[in-house]
2 protein chains.
Amino acid sequence: MNNLTSFKEFSQRVSLSRQDICREIFEDNRQHIKIKKEKTVVKNLVRIFDAALKISNQTGFQAMSMRSLSRETGLSMGGLYAYFSGKEDLLEMLHSIGHTTTWRTLEENLNGLTDPVARLRVAIQTHLFLSEVMQPWFYFSYMEARHLPPTQKERSKNAELETERLYADIIDDGVRQGCFAVDDVLLAASVIKAMLQDWYIKRWKYAKRGVSVDRYGLFLVDLVEAFCLAPEYRKRKALERGDDGLFGPAEGRPAGRRAADRGN
Amino acid sequence: MNNLTSFKEFSQRVSLSRQDICREIFEDNRQHIKIKKEKTVVKNLVRIFDAALKISNQTGFQAMSMRSLSRETGLSMGGLYAYFSGKEDLLEMLHSIGHTTTWRTLEENLNGLTDPVARLRVAIQTHLFLSEVMQPWFYFSYMEARHLPPTQKERSKNAELETERLYADIIDDGVRQGCFAVDDVLLAASVIKAMLQDWYIKRWKYAKRGVSVDRYGLFLVDLVEAFCLAPEYRKRKALERGDDGLFGPAEGRPAGRRAADRGN
DNA sequence: GTCTATACACAGATAGAC
DNA sequence: GTCTATCTGTGTATAGAC
């Protein structure tokens, strides 16, 4: 058992459609939304967020005019203001959903797992796959965080620190239990986050090259384990190589450090 | 010999003052600049770029009005237009300097080094230290790249791919020579870039925690080597530990994977 | 629930005085 | 070489018709 799964399995299991996301946003923001019929609201919110993310992620939220949003959604300028009280409101709605979903999904997927090695693997994969399902939202949150008003900016920084803390806690546990050997746990957690973020920030690069999210995930797990695992555990992993059965022998999975580990 | 140096030594050696940078920009853009006296131009360019980077990096280039730039620089709106023909021009000037400087500095510092292990160490450290010296410029280039007009956007993407290629070439060499054992060289290069970028993008985080750039650099080298080095070389490195003499025994250097490597 | 028409603030840019 | 004054386009937001 290596606790690894595929993106396909993950995305079917979590099943986060745009409608689902917009329904949740609607429920969190009933106060600000003038229209009351859920079906209408969800239908239009999907159009609004699709358009807003498309334009913003190309040129920046600031540069997205209400006129262009109106053109892209097919709704009139006046019509748009029935769904948010101003551009600031829209900005907040676009931000709010990412962190709560991440946190909830990570907790759901880590729930019940106690082995630090398994927890670290699952956290990385879950986080990565979620960022793939919600790529436009994650990209937006990352790029537009600095344009937030001070209070929300602080909240955004705390979100970064909290998820980082989650990784650090897992590694800390592992060090205490002897399966990991890491001296600077917080820095290790930081670079794990950095590598996870690179996937949704530089998607153009990985797409161009045909790197699948499965391959990227396995690569990350491999790299992180090469750095974190205590020597005895690294040897054990080397022995397990080649017959974990995931995805079959060749397609869709990176060779990782196989050559190196055989030498150990 | 471990090829590692300190940020202090680096910054004294390269000595890239804001005046130096602005002088270079002036020479590259004489056509667009109406004022001809170098001393005047450099003096004002320093003020303009200082202000532009300060405002842009807080709120985004798009959100920076010419009025606020005028206020921050002390120059009038009319006066500013003597130094660039429009906001687009300013944007291009802010972008142009980063990549050329990076490339030149990397080449200068790698020149003469042939051992892939040394080259990888020096590339990472040089790149990181340069990004520290020119932090506002690097941050700006990273965050504002997507607002560039298509042609320059393409150029910016190519810059990303080129530096990545540099890391990939070093690792490839090492694999051929047997000191590295990496299967997916390009992905390894990608995540090295991602971790380097995290330093200047999330400076607030590392500053808050008191992580020095020296410590971050040594951590990165350590992590990358844990993943890339062939097993025999990893053992050799473990033996060298503790008496490399850099920075003395304790202060300013991370313990790295010392504990783990002792177990090997 | 959605649209059209419009208010009015502020953006970038320039002409011409000093 | 720098400033003040001003032009013109575009931005967000709203009132009131349908």
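Labels below follow one simple rule: chain letters A, B, ... track the order of the sequence lines, proteins then strands, and each chain is numbered from 1. Just the heavy atoms: all of them, side chains too, but no hydrogens, waters or symmetry mates, feed the values below.
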Does [X] reach a base, just sugar-phosphate, or nothing at all? Heavy atoms under 4.0 Å.
X      : result
K37(B) : sugar-phosphate
K36(A) : sugar-phosphate
F84(A) : nothing
S76(A) : base

* Please confirm whether R30(B) makes a cation-pi placement over F26(B), using NZ or CZ under 6.0 Å from the six-membered ring centre and within 45° of the ring normal. => yes

* Asked: Between W199(A) and Y216(A), how do the two ring planes meet: parallel, tilted or perpendicular, split at 30° and 60°?
  -> tilted

[X] [atom1] - [N] [atom2] separation (whole Å):
X      : N       : atom1 : atom2 : value
I33(A) : dT2(C)  : CD1   : P     : 12 Å
Y81(B) : dC7(D)  : OH    : C1'   : 13 Å
I48(A) : dG1(C)  : CD1   : C1'   : 12 Å
H32(B) : dA13(C) : NE2   : P     : 14 Å
K39(A) : dT2(C)  : NZ    : C1'   : 17 Å
L69(B) : dT2(D)  : CG    : P     : 14 Å
M77(B) : dG12(C) : CE    : P     : 7 Å
K87(B) : dG12(C) : NZ    : P     : 5 Å

* Structure fact -> Looking only at dC3(C), dG1(C), dG12(C), the nucleotide nearest the L75(A) side chain is dC3(C)

* Asked: Hey, would you say the F7(A) and F129(A) ring centroids sit under 6.0 Å apart?
  -> yes

* To do: Could you check E72(B) against I55(B) for side chain to side chain contact (heavy atoms under 4.5 Å, CB included), going step by step and ending with a plain yes or no?
  => CA-CA 9 Å; E72(B) 186 78 24; I55(B) 304 172; 4.0 Å; yes

* **Check: dT12(D) base within 3.5 Å donor-acceptor of R67(A) side chain** => yes

* To do: Verify the contact: side-chain N or O of N44(B) to OP1 or OP2 of dT2(D), cut-off strictly under 4.0 Å; return yes or no.
  => yes

* Let me see the working for I25(A) and D28(A) under side chain to side chain contact (heavy atoms under 4.5 Å, CB included), right down to the final yes or no. => CA-CA 5 Å; I25(A) 294 176; D28(A) 293 349; 5.8 Å; no

